[in-house]
Amino acid sequence: MTEIKSEQIDLLLNYFADTSSLDEQLAALTELIKKRSLHAVRDDPRLTLGLSHLTQLATNLQTPDDCLRSVAALARIGNVKSLRNNVTDRLLQVFEKPLPALSILKDLDDRYYIATALHHSTQNWVISYAATGIIEEKQGEKLRQELGAVLFKKATTLAQIFNLLAVSLQQFKPDTKNPGDSVVKRLERVFAVIQPQAVSVLIEPGLDAGQCLQNMLRAAFAGANSPETQKIARKAIEDIAGFIHDIARTQISLVTEPSLYAAFDTPKSWFSPPEWRYLAEKSTNLQLVKRDIRDALTLLARQGVTDDHLFDQLVKVSGSREAAVKVTATIAEHHPELSSEIRDWLKGKRSFKRRELSSGLEESQVFAADPLLATLIIDSHQLEKAMINIPDDMLAELRLLEPALIKPLDSLVVRCHAIFNGINALANKRGLGMRGLPGDRVEYAQTTHELVGGHTQGVRQVKIIQPMIVRESSDGTWSIVRKALVERA
């Protein structure tokens, strides 16, 4: 039996090394993978010959379909640990030039394997390539998730990601009876990809991230009619509001930026004023965004600052000016320490002009900074954990092979630890600390947890993405500075 199997593998290797037919070569590769024989034949010259042929085809952009099929084949072979380094070197060579459009490939598995291979690339074109693939992909949600991981791994800011998606959405013209409905459904899948990444990946917002998000949504619906039914239109609002809420809670620097909430402008135009007011009252995620804006206005008010543009966004999300004033009036009621001018503004008297920080509110300002410190505590913990995970043998090898890199690396490590110590000292002085760790599974409580996508009835177990930050008083009591960000377990 073993002899027969050996003969079969020998025959398959002959087909794999035959460069006359890519179809036969890939068929032979599939059988070798099924038989789990690639590791055993890793040193066979015929395997090397077949790999070289695939690499040659993968770099030939004149035959785009063969090019992509060859890249997918290389990615599959790269899953074998003993061949990974060999294949990675070949893929780096292939990725020196942009690949043909992923949508050319009919086979979903091939498209997925290419997406996994993109992680190895160091070329900038991969970022826009991944964004385009996220928008153009019709059915492969696992593939879309993989492209999202590539996008957030390679991009440097949320603004960059929104801009790239905007370009691809502008080119997305669904040939359907109602393009507006198709755009909403595609956006639903896009948000399903980028929302978890945006709240779990350490990424900077970038310049004008809110405006870039608004531009992305405008590009999506440019030239498309409004959704055919109210149900689909409301679903779009829920998706957009849920995404904005998660961004506001994880990117603290954006929470006071009116441009973040201006992303509602396009979908709001689908509704009449009475319809929008009703939706503003009933939508769970719009209520969450309304609370985000309320918290942002509270943060500014405690610093002696008002913002008419941010209030205008509250008016939009609340459904009317009267509803918005009710929200800001509660800020004045709950914070009697605010100046009379700020309190009047919150109660709807708009004669007060935006100004610099008022005096006499030093302690208020310190408390207002605690949410920012909470973000630093979480980011510091994530960075420290990432540094701990760097293997010692990797550093030892680097010292041996690239000694010139060690001095700046050692300096970076020292500076990072100095920052960790400084943040921890400041947190201790303010009585701030973490509760829970990323990955912990806990009972869901709306009072202490911020659920990705918004609160949902019936959720019991959740997994912590970012821990809760609390302020502990000298008497042992504690209050929440920042809720734990969680997802369904």
Side-chain angles (χ1 to χ4, degrees), residues 1-60 63 65-97 99 102 105-123 126 130 140 142-143 145-147 149-150 153-154 389-398 400-402:
M1 183 66 70
T2 305
E3 186 176 335
I4 295 175
K5 184 178 180 181
S6 178
E7 290 177 359
Q8 290 175 341
I9 294 173
D10 193 63
L11 182 62
L12 290 172
L13 275 173
N14 288 335
Y15 278 117
F16 182 69
D18 185 1
T19 61
S20 62
S21 171
L22 178 60
D23 289 336
E24 290 186 6
Q25 186 179 16
L26 296 182
L29 172 62
T30 299
E31 290 302 314
L32 286 169
I33 291 174
K34 286 181 180 179
K35 295 179 183 298
R36 300 183 179 181
S37 302
L38 287 177
H39 173 72
V41 300
R42 62 190 181 278
D43 296 324
D44 194 295
R46 290 169 294 181
L47 182 68
T48 302
L49 181 61
L51 284 170
S52 298
H53 181 237
L54 290 176
T55 306
Q56 182 181 2
L57 287 176
T59 54
N60 185 3
T63 53
D65 188 70
D66 287 354
C67 166
L68 292 173
R69 292 166 68 200
S70 299
V71 175
L74 288 170
R76 293 172 68 193
I77 298 170
N79 287 329
V80 179
K81 188 175 181 180
S82 57
L83 291 167
R84 189 168 300 156
N85 290 339
N86 185 342
V87 170
T88 299
D89 290 341
R90 294 176 183 276
L91 287 173
L92 289 174
Q93 176 187 343
V94 171
F95 292 151
E96 288 179 1
K97 294 182 180 179
L99 293 179
L102 199 57
L105 272 182
K106 294 181 180 180
D107 189 90
L108 175 58
D109 288 340
D110 280 350
R111 298 200 299 275
Y112 173 75
Y113 280 116
I114 290 177
T116 64
L118 293 176
H119 285 282
H120 298 296
S121 175
T122 58
Q123 303 296 324
V126 169
K142 183 180 177 182
L143 162 60
Q145 292 285 346
E146 193 67 32
L147 290 170
V150 172
K153 180 180 179 181
K154 304 297 183 181
N389 288 334
I390 299 176
D392 291 336
D393 56 349
M394 180 188 297
L395 294 177
E397 186 175 353
L398 190 61
L400 181 64
L401 299 178
E402 296 289 347

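Nothing here was measured: the structure is a model prediction, and the numbers come from that model.
When each of D44, L47, N79 is paired with L38, the side-chain contact (heavy atoms from CB on, under 4.5 Å) condition holds for L47 and for no other.
No side-chain heavy atom of I33 sits less than 4.5 Å from a side-chain heavy atom of V80. Taking the side chain as every heavy atom from C-beta outward, E96 and T59 never approach each other to under 4.5 Å. Counting heavy atoms from C-beta outward, V71 and F95 have side chains that approach closer than 4.5 Å. Taking the side chain as every heavy atom from C-beta outward, Q145 and K142 never approach each other to under 4.5 Å.
Within the model, atoms CG of L49 and CG of L13 stand 10.5 Å from one another, a figure rounded to the nearest 0.5 Å. Annotation: the span from E7 atom CD to I9 atom CD1 amounts to 11.0 Å, rounded to 0.5 Å. Atom CD1 of residue I77 and atom CG of residue N86 lie 9.0 Å apart, to the nearest 0.5 angstrom. The line from CD of E146 to CG of L118 is 9.0 Å long, rounded to the nearest 0.5 Å. Here CG of L12 is found 4.5 Å from CG of L32. Values are rounded to the nearest 0.5 Å. Annotation: the span from L57 atom CG to T63 atom OG1 amounts to 6.0 Å, rounded to 0.5 Å.
Residue I114 comes nearest to L68 through the heavy atom pair CD1-O, 3.4 Å, listed as atom of the first residue, atom of the second, then distance. Among all heavy-atom pairs drawn from A130 and L147, the shortest one is CB-O, 3.7 Å.
Put simply, the side chain of S121 never gets that close to the backbone of A117: no donor and acceptor are under 3.5 Å apart. Between the side chain of K154 and the backbone N or O of H119 there is at least one donor-acceptor pair closer than 3.5 Å.
With sequence neighbours excluded, no residue satisfies salt bridge (charged side-chain N to carboxylate O under 4.0 Å, His left out) with R84. Every side chain to side chain contact (heavy atoms under 4.5 Å, CB included) that Q25 has, sequence neighbours left out, goes to F16, L22, H53, L54. Partners of D107 by side-chain hydrogen bond (donor to acceptor under 3.5 Å, both in side chains), not counting sequence neighbours: none found. Applying the salt bridge (charged side-chain N to carboxylate O under 4.0 Å, His left out) rule to R111 yields the partners E137; only residues at least two apart in sequence or on another chain are considered. For E31, the salt bridge (charged side-chain N to carboxylate O under 4.0 Å, His left out) partners are K34, not counting sequence neighbours. The salt bridge (charged side-chain N to carboxylate O under 4.0 Å, His left out) check on D23 picks up R69, with sequence neighbours excluded.
In this structure, R46 pairs ionically with D10, as a charged nitrogen and a carboxylate oxygen lie closer than 4.0 Å.
Within a 6.0 Å radius of CD in Q123, other residues, nucleotides and ligands contribute more than 12 heavy atoms.
Checked by atom type, the side-chain pair R90/T55 shows a donor-acceptor distance below 3.5 Å.
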